[in-house]
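Down below is the structure, laid out as structure tokens.
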Amino acid sequence: MTRNRYDVAAAEALAAIRRLSGLPEDRLRVVLTTEIDDGFRAQSAHGVLTVTASGAGAAVAGYAAFARRTGIAHVSRIGTRPVDRQPPEGAEVSGDAAFGWRIAYNLTVGGYTTPFYDWAQWEHEIDLLAASGVQAAHLTLGQELVYLRTFQRCGYDEREILQWLGPPSHQPWLWLNNIQNFGRGTTRTLVDDRAELARRVIERMRALGIVPILPGFSGTVPPDFTDRWTGARTVPQGRWFKDIAGPVRPDWLDSTTDAYAAVAEMFYAEQRAAFGTTGMWAVDLIHEGGHTGGTDLGAAARGIQQAMAAADPGATWVMQAWAGNPRRELLEAIGGDRVLILDLTGEAHRDDGFGGVEWVWGILPNYGGRTGLYGDLEGVAALPGRWHGDSGPRGLAGLADMAEGIGNNPVLWDLFHDLTWEEGPVDLRSWMRRWTASRYGAADPQADEAWRILLATAYGPWRHGRHGGLPAETVQALAGLPVDASNVHGAPAFAQMLGRLEGAMSDAVPPYACTDSVIAAVPSLDANQASLMGPRALAYPEGALIPALRALLEAAGRLDSPGMAYDLVDLARQVADDTARAVLRDVADAARSRDVGAYDDAARRLLELIDAQEAVLGTNEHFLLGTWLADARAWGTEEEERRYLATEAKRLLTSWGYEDSTILAAYANRSWAGLVGDYYRARWALWLGEVRATLAGGTTQPVDWYVQADRWNRADTPYPDRPRGDPRQAAAAVLDLAVRTLRKGVSERPQGDV
């Protein structure tokens, strides 16, 4: 790096630190040097914070570490607190990277979190990546321009490709070869505007030492490709989920053929012309149950690798270890040079790693960006003990945070990314005390008590032994069938198919993830979770978080910070979700005993709890459906397009897709104000009324939950995009309801007194 490049990089780091810290330029100094291999040294003297680092990104990470460890400020995915006090004189903080690769983002983040980000949001996001020590991140933003230009050269007209691409909210799954022709597609203006933003994002990532991992050409092609390219061989990929259920996937262009090589050359040339080269391409061959149609897998992989090498001889192929991939024969065919494997859950590697191929250890903290409290903090803190020293897994080269959505669980993000600078296992209790003091602005015994309880409950092991079955109403809804409260019969053939699908997926991906909200679930007397994926039971007693909420409420009376405001609402949200399970049991017991009075009381209490959750969610900017929709609408150039983008943004959270995607319903459910108080509440009110009709001998009407979702998705209902109300008062109301509910008789008592 020349002196001039050092100066430019130092200026970029200084600007990022100023944005995060709020400090004036005369109180900050950034020095970049080759004397540090990969890390930072931060120290304060005479009121000036000096960060000496190996690069711009490491300098930003150095500031974040100094802020956290000294308590003068806090940098976090959610809850960043600027510097509000003088740095302690003579304080020193240092860090040296344990690994060369620190990678962020599941490809789905581009749908579940960032599809409608503007530049201000992206700028903050890139600052957070640098502060977390991230060195590379997947980026699909704007890359649809490459598909558009490539396939126009193959004989398609612009209108066909714009339809094929789908809206921004769903485009990541085209890159993953899961869907095509979604909704009304996109527009040329959207394509161009997103490409322009992508150029700016890529430039800033590079400036802060973050490599954008762009999608490579896997062979995904639009329909009827062989009609446009004489002699081409394409292989139909069937339905998304093991060809058992879900949308029909795009065809795959055989990557052993001359046609593939020619199209790949066009693809990479167009990508280079639009965005430059970054040196890393993401391609997953036969992702989630795809197939090669008889083509040798190793030969297909060599075709992809050769096309990458022709475009950039020094580029690295990035692939996911997930759902049985990458297969051994694929790795043996391409060798280990210029290949990096992301073990999404840290469980796919063998005793010898991946046969010598470099790989990174991942965690997958959520499916769909769901909002539940979840993450094995003890397990994460212990990870360095599994890889340091001579006994570490072969080929391990880094860390990867593969959460499908990133707008939640900041404690897990912060802890996992802190492992970058750790030489051994983390003392979690000490780390938590420093984290809370930094996050909340001061140490507080009640805040510490709240997190002690959370560590033993919601943030326990990734997997647990409690599991629940699929209610019959859920099976019918996933099958796309209407449900009649007077005649719930399930869907035997579909349930059998689900069993085959779950078996096929479990063989490759043992089930885990957070048990999500029953408030968001398909209404049923036996509702236990909203989405198909997950254990369908809590890992802890339903009242176990009540003492934590009580303690955090007490701490919130003394401390005021963005982190406290978020955590209080998030914990109250989870307590409401947990309590809803107990209330629903009361509803079910009353219905089954045909006690109309008790039923009416329990149904009223369930709706009251939903209202209380809606109220507390509405007090914090991070839990507002209105913000998500306002961001979506902002990308439209005229009212019809604005409404369309908002509709598809809502669809992702509810039915996920159209009639062919009912199996995915509620996969990306969220506890957000507007979604809870309108969509989820209306569904429960409707179903509770239908069940009551069965008790009173009235007439019931079958409910088509897909139709209900589609109608709600298309409605142009406005929702607040600014918080309102007092979070402490709203959280206290949730606490009061939870205590009164659980005192009515929960079979398993929580830790401490209710």
Side-chain angles (χ1 to χ4, degrees), residues 239-247 367-368 370 467-506 511 515-537 580-581 584-585 587-588 591-592 599 603 606 651-669 675 679-695 698-713:
R239 295 191 176 276
W240 180 349
F241 299 103
K242 300 288 184 180
D243 206 12
I244 295 174
Y367 294 138
R370 302 172 199 164
H467 297 279
L470 277 170
E473 294 92 336
T474 301
V475 175
Q476 276 184 247
L478 293 176
L481 301 175
V483 188
D484 191 326
S486 65
N487 182 26
V488 178
H489 53 74
F494 187 79
Q496 193 174 52
M497 180 212 67
L498 281 179
R500 295 199 309 273
L501 177 61
E502 287 182 322
M505 294 299 291
S506 296
T515 303
D516 58 47
S517 172
V518 297
I519 292 173
V522 172
S524 162
L525 297 179
D526 300 312
N528 53 17
Q529 180 170 291
S531 58
L532 177 62
M533 296 287 285
R536 315 195 74 81
R581 296 171 181 271
L584 185 57
R585 273 202 307 276
V587 172
R592 286 169 177 147
Y599 176 85
L606 179 59
R651 192 181 306 279
L652 185 70
L653 310 181
T654 57
S655 60
W656 199 97
Y658 289 83
E659 291 94 331
D660 59 357
S661 305
T662 53
I663 191 173
L664 283 164
Y667 183 87
N669 69 84
L675 197 61
Y679 179 66
Y680 298 150
R681 190 190 195 282
R683 297 196 334 160
W684 274 108
L686 172 61
W687 185 251
L688 291 170
E690 291 295 307
V691 173
R692 194 186 192 287
T694 69
L695 304 182
T699 303
T700 58
Q701 294 292 326
V703 181
D704 189 321
W705 292 117
Y706 171 76
V707 170
Q708 292 286 328
D710 188 61
R711 184 179 299 129
W712 185 82
N713 294 334

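Closest approach of Y599 and V691 over heavy atoms only: OH-CB, 3.3 Å. Nearest heavy-atom pair, Y680 versus N669, reported as atom, atom and distance to 0.1 Å: OH-CB, 3.4 Å. The heavy-atom pair separating A521 from W684 by the smallest distance is O-NE1, 4.2 Å. The minimum heavy-atom distance between M533 and R370, with the atom names listed, is O-NH1, 3.0 Å. Considering every non-hydrogen atom in both G657 and Y706, the closest pair reads O-CE1, 3.7 Å. Across every non-hydrogen atom of A591 and L695, the tightest pair is O-CD2, 3.4 Å.
With contacts defined as side-chain heavy-atom distances shorter than 4.5 Å, the pair S517/I519 qualifies.
Take A709 and apply the side-chain contact (heavy atoms from CB on, under 4.5 Å) test, not counting sequence neighbours, and it matches T654, S655, Y679, N713.
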Task: Working for side-chain contact (heavy atoms from CB on, under 4.5 Å), residues L584 and N528 - done: CA-CA 9 Å; L584 185 57; N528 53 17; over 6 Å; no
Task: salt bridge (Lys or Arg N to Asp or Glu O under 4.0 Å) assessment of R581 paired with D526 - done: CA-CA 9 Å; R581 296 171 181 271; D526 300 312; over 6 Å; no
- [ ] Might you work through the side-chain contact (heavy atoms from CB on, under 4.5 Å) test for T694 and T700, ending with a clear yes or no?
- [x] CA-CA 7 Å; T694 69; T700 58; 3.7 Å; yes
Open item on the list: Let's go through L675 and W712 carefully: what are the C-alpha distance in whole Å and the side-chain angles of both, what is the deciding distance for side-chain contact (heavy atoms from CB on, under 4.5 Å) to 0.1 Å, and is it a yes or a no?
Closed with: CA-CA 10 Å; L675 197 61; W712 185 82; 3.4 Å; yes
- [ ] Check the pair R592, L525 against side-chain contact (heavy atoms from CB on, under 4.5 Å), reporting the backbone distance first and the verdict last.
- [x] CA-CA 9 Å; R592 286 169 177 147; L525 297 179; 3.9 Å; yes
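The backbone N or O of G490 lies less than 3.5 Å from a partner atom in the side chain of Q476, making a donor-acceptor pair.
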Please table the atom pairs, donor to acceptor, closer than 3.5 Å between any side-chain atom in residues 661-668 and protein atoms at least two apart or in another chain.
| from | atom 1 | to | atom 2 | distance (Å) |
| --- | --- | --- | --- | --- |
| T662 | OG1 | L478 | O | 2.6 |
| Y667 | OH | E404 | OE1 | 2.8 |
| Y667 | OH | E404 | OE2 | 3.3 |

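Using modelled atom types and a 3.5 Å distance limit, the side chains of R536 and T515 yield no donor-acceptor pair.
In this structure, R651 pairs ionically with D710, as a charged nitrogen and a carboxylate oxygen lie closer than 4.0 Å.
Atom CG of D484 sits about 7.0 Å away from atom CD of E690, to the nearest 0.5 Å. Here L686 contributes atom CG and R681 contributes atom CZ; the two are 12.0 Å apart, rounded to the nearest 0.5 Å.
Only one option out of V703, V483, L481 pairs with E473 in a side chain to side chain contact (heavy atoms under 4.5 Å, CB included); it is V483.
Judged by the 6.0 Å distance and 45° axis criteria, R683 is positioned over the aromatic ring of W705.
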